[in-house]
Amino acid sequence: MGYRVRTPEGELAYPTLRDVEVAYTQGLVEPNDEVLEDGHSTWRKASSIPALARARPEAKGLAGRTQMLSVLAAVALGAGALTLIMSDSWPRRGLGIVLALAMSVLLTRLTAKAHKRPAPQKD
């Protein structure tokens, strides 16, 4: 079963929905583009098709690196917290506990952002 995608530049044909999904994640098909399945007469927005709505375009530039930087920051905070907690000084242990709490907040934010759906793109 084939699919046709109508963009402002024209129409494209894809043999399967998986091919449309790959094009969607690569940015060739935008959320506002219309998709028609062969044998149907109704055009649907790409963002309204569940398989495409779950697909996320790859992050580019700084947005693609923020997750890696957050993970590295969490590792650094964890290593620092462990080092301070293992020391003999109680004030250092307290600082280690504070760093461990900061690491848990950072990891909570990172997890929430990783599972959050991307906002619809506006033209």
Where is the tightest heavy-atom contact between [X] and [Y], given as atom of each residue plus distance?
X: L17; Y: A51; result: CD2-CB, 3.9 Å
X: A46; Y: V29; result: CB-CG1, 4.1 Å
X: T16; Y: Y3; result: C-CD1, 3.6 Å
X: A81; Y: A100; result: CB-N, 3.6 Å
X: M103; Y: A74; result: SD-O, 3.4 Å
X: R44; Y: S48; result: NH2-O, 3.2 Å

In Å, rounded to the nearest 0.5 Å, how long is the span from [atom1] of [X] to [atom2] of [Y]?
X: E34; Y: T7; atom1: CD; atom2: OG1; answer: 10.0 Å
X: W90; Y: L95; atom1: CH2; atom2: CG; answer: 14.0 Å
X: S47; Y: D33; atom1: OG; atom2: CG; answer: 9.5 Å
X: L110; Y: M68; atom1: CG; atom2: CE; answer: 10.5 Å
X: L77; Y: L82; atom1: CG; atom2: CG; answer: 12.5 Å

- Query: Is any side-chain heavy atom of I85 less than 4.5 Å from a side-chain heavy atom of I97?
  - Reply: yes
- Query: Going by heavy atoms in the side chains, are Q26 and L28 under 4.5 Å from each other?
  - Reply: yes
- Following the transitive rule for hydrophobic clusters with a side-chain heavy-atom cut-off under 4.5 Å over Ile, Leu, Val, Met, Phe, Trp and Tyr, establish whether V71 and L106 coincide in one cluster. yes
- Message: For residues Y14 and L52: do they belong to one hydrophobic cluster (side chain heavy atoms under 4.5 Å, members Ile, Leu, Val, Met, Phe, Trp, Tyr)?
- Response: yes
- Query: Would you say R92 has more than 12 foreign heavy atoms packed within less than 6.0 Å of its CZ?
  - Reply: no
- Given side-chain contact (heavy atoms from CB on, under 4.5 Å), test L99 with L84 step by step and report yes or no. CA-CA 9 Å; L99 285 180; L84 290 172; 3.6 Å; yes
- Task: Please check if the side chain of T111 supplies one atom and the backbone of L107 the other of a donor-acceptor pair under 3.5 Å.
- Result: yes
- Query: So, does R93 use its side chain to make a donor-acceptor pair with the main chain of S87 at under 3.5 Å?
  - Reply: yes
- Task: List in chain and number order the residues that pass salt bridge (charged side-chain N to carboxylate O under 4.0 Å, His left out) with R109, two or more places apart in sequence or in another chain; answer none if no residue qualifies.
- Result: none
- Task: Using the salt bridge (Lys or Arg N to Asp or Glu O under 4.0 Å) rule, collect all pairs that involve residues 9-22, keeping only residues at least two apart or in two chains.
- Result: R4-E11, R18-E21
